[in-house]
Participant: 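Can you read through this structure? Questions will come right after.
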Amino acid sequence: MTSVAAAEATAGTASGRWGRRLGHLPTHVVVILLMFLWLIPTIGLFINSFRPSQAVQSSGWWDIIFQPSQVTLQNYQYVLGQSGLWPGFINSLFITIPATIIPIFVAAFAAYAFAWMDFPGRNVLFVAIVGLLVVPLQTTFIPILQLYGSVHIDIGPIQINNLNGQFLALWLAHTGYGLPFAVYLLRNFMGGLPREVFESASIDGASPVTAFFQLALPMSVPAIAALAIFQFLFVWNDLLVALIYLGAANPQNDPLTIVVANLVNSLGSGWWYLAAAAFISMALPLAVFFTLQRYFVRGIVGGSVKG
Amino acid sequence: MIQGRPRGVRVLAVGAVMMLVAAACSSGATTAPTSAPASAAPAASAAPASAAPAASAAASAVPAPSYSATAISAAQQYASTLGKIGGSVSVLAVWGGSEQAQFLAMVKPFEDATGITVNYTGTRDEPAVLTAGIASGQLPDIAGLPGPAQMQQYAAAGKLQDLSTMLDMNAYTSQTPSSLVQLGTVSGKLVGIFLDVSAKGQIWYDPKVVGDLASNPPATWSDLQTLITQDKSKAQAPWCFSVESGAASGWPATDVLESFVLHTQGPTYYNNWWAGKVKWTDPGMKADWQQLGQMVAQSYGGANRVLTANFANAGDPLFTTPPGCLFLHQASFITGLGQFANEQKLTDYNFFPFPAITPQYANAVEGAGDLFGAFHNTPQAAALMKYLVSAQAQTLFVGGGEFLSANKGVANYPNAMNQRLGQILSGATSFVFDASDQMPTPMQTAFYKGLLQYIQYPSQLDSILQNLDSVQASSYTTH
């Protein structure tokens with residue numbers, strides 16, 4: 001904003017200013033048009049969430065322009081009235097928050113080590129971890145289900161006979177699934193931090209642990225925030241992983257996605273509630289995104305241009 | 001600012017750890033709250049049933065199932081004979097939405113009477129969950145099975161429990177049509193039961209357009225053709241038909257073809273057909289495909305709509321003014337789908353059974369249903385299985401208005417239409433199960449695809465049937 005004003009101030013004559021604005025016009029028109037096109041499905045979904053099921057089934061969302069009187073809250077009423085919805089919302093939080101924090105912490109340690117610590121096999125290990133990005137998580141279901149099933153922990157008050165159905169199962173699974181990308185992103189960002197900072201810290205007697213907590217971590221906040229958004233959205237929107245590790249074993253722990261998917265019955269009727277349900281489940285991720293968005297762009301280009 | 005940062009991060013870290021601990025504790029504690037509702041339930045048992053209609057009345061689009069107090073108390077009485085066992089049983093099925101609500105309403109008296117918590121998970125991805133479960137050994141106690149073919153497979157792998165050790169077999173066999181008992185039996189062992197059945201091959205119509213055909217239905221296929229010629233001017237086309245259903249597109253057409261095969265060739269031919277003992281190029285089979293082709297040619301919107309409209313909305317043009325079509329061939333569950341769900345039973349729509357083509361097969365009925373099997377033989381699972389197949393529980397189940405029962409002891413349906421459908425199922429001289437559902441998966445997929453191709457290119461019938469023959473030759477070998 002300020003740079004534009006400065007540019008305009010230096011641009012001088014009024015005709016130059018107008019010419020500049022006109023020059024931007026086609027770009028703006030195209031950008032606005034593209035944004036609108038991009039948003040159309042979401043707008044349609046949003047409008048449909050306020051239309052009665054009969055209308056949704058018989059006409060498109062644009063029908064609201066001709067019949068604005070059809071707006072109703074009954075879909076939201078129905079969805080919010082579902083008994084499993086709030087427990088599902090809470091479960092989603094219980095699943096998502098740890099499943100976001102754990103992989104980020106693990107990845108931050110790993111990224112620091114990969115970026116600034118010298119140890120044999122560093123590059124091979126890093127390539128192996130990044131290579132795991134291409135492994136589809138679906139291939140891991142059966143072995144991990146077996147592994148979880150064979151877990152027997154009996155330490156005083158903590159007794160776990162089968163990890164399937166527990167929140168812990170999902171935290172560990174999402175940590176595993178999220179780590180390759182998290183390590184990759186954070187390593188690139190931390191690798192881009194100025195070497196002098198770490199060298200002078202080391203000369204001043206800082207141990208790697210101090211350097212990590214006092215320097216690397218605080219300087220990587222933008223990348224960590226961006227990563228947090230990715231991981232949070234991935235876990236929040238996840239249906240399949242939750243269904244596999246919780247589904248059959250312990251429906252009390254089912255997250256919102258499973259509850260929402262269950263609004264539809266086996267032959268597909270009830271799908272008209274999904275629009276309203278989608279916006280309810282979207283509310284929290286949107287809030288998270290808007291609070292973290294100023295880090296978002298900074299973080300995503302982080303590591304792409306190394307200084 | 002710069003000095004403040006590390007401290008902020010440290011605070012964040014501490015907060016994160018605390019949150020982890022809090023979450024871990026609560027996850028460890030989840031087992032405790034789950035058992036609490038069960039013990040608290042008996043006192044509150046009447047509340048949900050009476051509260052439900054009021055809650056759903058608020059959202060007017062939702063039909064409110066009303067369960068009769070006598071049905072609830074009968075079910076509870078039966079459940080109490082199973083003993084106060086406690087504990088829990090897990091159930092996995094495809095039912096969601098209103099179906100899930102009706103299943104939970106059915107097991108509520110059971111939970112109250114036995115103290116067993118029923119942990120129900122409904123998901124339309126059940127086959128995926130079950131496949132992973134079978135491979136890893138992490139299975140629910142009781143699960144809906146995707147179909148007879150999968151049931152055979154699981155039973156052969158030794159995963160399914162022998163239900164004769166869990167059920168009261170005398171009661172079960174006397175209350176269930178023998179064809180259904182047979183369908184659930186693999187090499188002499190009962191491994192599958194039907195918790196609900198649907199009647200397939202009904203012809204649906206709007207009585208305001210074509211008059212009351214329920215009490216005076218066309219007796220034969222040619223009578224129906226006469227009727228179609230007579231009423232030609234009342235709608236744009238004689239038939240409504242559409243087959244889109246996502247990855248399973250084409251199944252509604254298999255149902256139509258199955259009706260023709262059953263009623264022209266009879267149950268023996270039909271059963272040999274899905275078993276792979278009748279060739280697709282058989283002249284009788286080809287004639288039935290051509291019958292289907294004729295129906296497509298007479299369909300509202302032509303082959304284009306048949307292929308692209310969702311099956312749930314196939315019958316919507318029945319109710320437009322002027323009507324788009326006169327008749328729709330579909331199973332009993334259509335009443336909950338598309339425009340049917342918004343119209344009134346009997347006054348806005350009604351049905352008659354598929355008319356006779358070959359007279360001696362007039363009473364043959366095709367059906368389908370949700371098969372259930374048990375993967376663990378726990379006392380809780382056995383008690384639930386006993387309860388689920390009982391006439392008392394089934395009466396409660398059908399009271400929701402969406403399901404039909406396989407149990408002969410179920411006499412009270414919530415409305416006259418379901419009553420008639422129930423009678424058709426229990427009164428059938430021969431009952432056959434959906435053919436495409438019993439075929440091996442590659443055959444079924446090829447069958448769906450073949451029908452879609454035929455609807456689009458009717459002239460390719462011969463090559464389509466030849467191709468199905470070659471799939472048949474390869475896909476039954478493992479069976």
Side-chain angles (χ1 to χ4, degrees), chain A residues 52-54 57-58 74-75 77-78 81 93-95 97-98 101-102 104-105 141-146 148-149 157-160 162 164 166-168 171 213-215 217-219 221 239-240 243-244 246-254 258 261-270 272-273, chain B residues 2 5-6 8-10 13 16 19-20 23-24 26-28 30-31 33-34 55-56 58-62 90 92-100 119-125 128-130 132-133 135-140 143 245-246 310 312-313 316 333 336-339 341-342 370 402:
Chain A
S53 63
Q54 271 151 291
Q57 282 175 278
S58 57
Q74 73 186 25
N75 294 333
Q77 246 170 12
Y78 176 81
L93 283 176
F94 271 128
I95 291 164
I97 294 172
I101 292 168
I102 302 172
I104 287 177
F105 262 77
F141 287 161
I142 291 165
I144 292 181
L145 273 172
Q146 277 169 331
Y148 282 172
I158 307 167
Q159 286 186 326
I160 300 173
N162 184 344
N164 290 306
Q166 306 291 330
F167 285 134
L168 184 59
W171 299 343
F213 278 109
Q214 307 281 0
L215 298 170
L217 208 55
M219 286 197 282
V221 163
L239 171 69
L240 187 63
L243 202 55
I244 295 288
L246 294 181
N250 195 356
Q252 266 75 31
N253 287 354
D254 281 352
I258 295 183
N262 257 3
L263 291 171
V264 182
N265 76 18
S266 62
L267 289 162
S269 76
W272 42 88
Y273 297 121
Chain B
I2 291 163
R5 244 188 198 168
V9 170
R10 214 175 301 145
M19 211 179 296
L20 268 178
S26 62
S27 93
T30 40
T31 43
T34 53
S56 47
S60 58
V62 187
S90 55
L92 179 71
V94 289
W95 292 325
S98 51
E99 300 160 333
Q100 177 177 340
N119 286 328
Y120 174 78
T121 306
T123 169
R124 292 208 286 165
D125 297 314
V129 178
L130 217 49
S136 65
Q138 297 298 315
L139 286 160
S245 180
N310 186 263
N313 303 104
D316 291 1
F333 49 67
L337 298 168
Q339 190 59 25
N342 304 323
D370 287 304
E402 213 158 311

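Order of the sequence lines fixes the chain letters, A, B, ..., with proteins taken first and strands second; residue numbering starts at 1 for each chain.
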Participant: Side chains of B/Leu139 and B/Leu92, heavy atoms from C-beta outward: is any pair under 4.5 Å?
Facilitator: no
Participant: Among B/Gly133, B/Ser90, B/Ala135, which residue has the highest count of heavy-atom pairs closer than 4.5 Å to chain A?
Facilitator: B/Ala135
Participant: Need one label for A/Leu240: side chain, backbone, both or neither, based on atoms under 4.5 Å from any heavy atom in chain B.
Facilitator: neither
Participant: Find the one option among B/Ala132, B/Ser245, B/Gly137, B/Ser136 whose heavy-atom pairs under 4.5 Å with chain A are most numerous.
Facilitator: B/Ser136
Participant: Could you tell me if the side chain of A/Leu239 sits less than 4.5 Å from the side chain of B/Asp125, heavy atoms only?
Facilitator: yes
Participant: Heavy-atom pairs under 4.5 Å with chain B are the metric here; pick the option from A/Leu246, A/Leu243, A/Asp254, A/Ile244 that has the most.
Facilitator: A/Leu243
Participant: Is any side-chain heavy atom of B/Val94 closer than 4.5 Å to one of B/Glu99?
Facilitator: no
Participant: Are any non-hydrogen side-chain atoms of A/Leu263 and A/Tyr78 less than 4.5 angstrom apart?
Facilitator: yes
Participant: So what's closer than 4.5 Å to chain A heavy atoms on B/Ala312: side chain, backbone, both or neither?
Facilitator: neither
Participant: Using a cut-off of under 4.5 Å for heavy-atom pairs, which of B/Ala143, B/Gly122, B/Pro140 has the most such pairs with chain A?
Facilitator: B/Gly122
Participant: Could you tell me which non-hydrogen atom of B/Tyr120 sits nearest to which non-hydrogen atom of B/Gln100, and how far apart they are?
Facilitator: CE2-CG, 3.4 Å
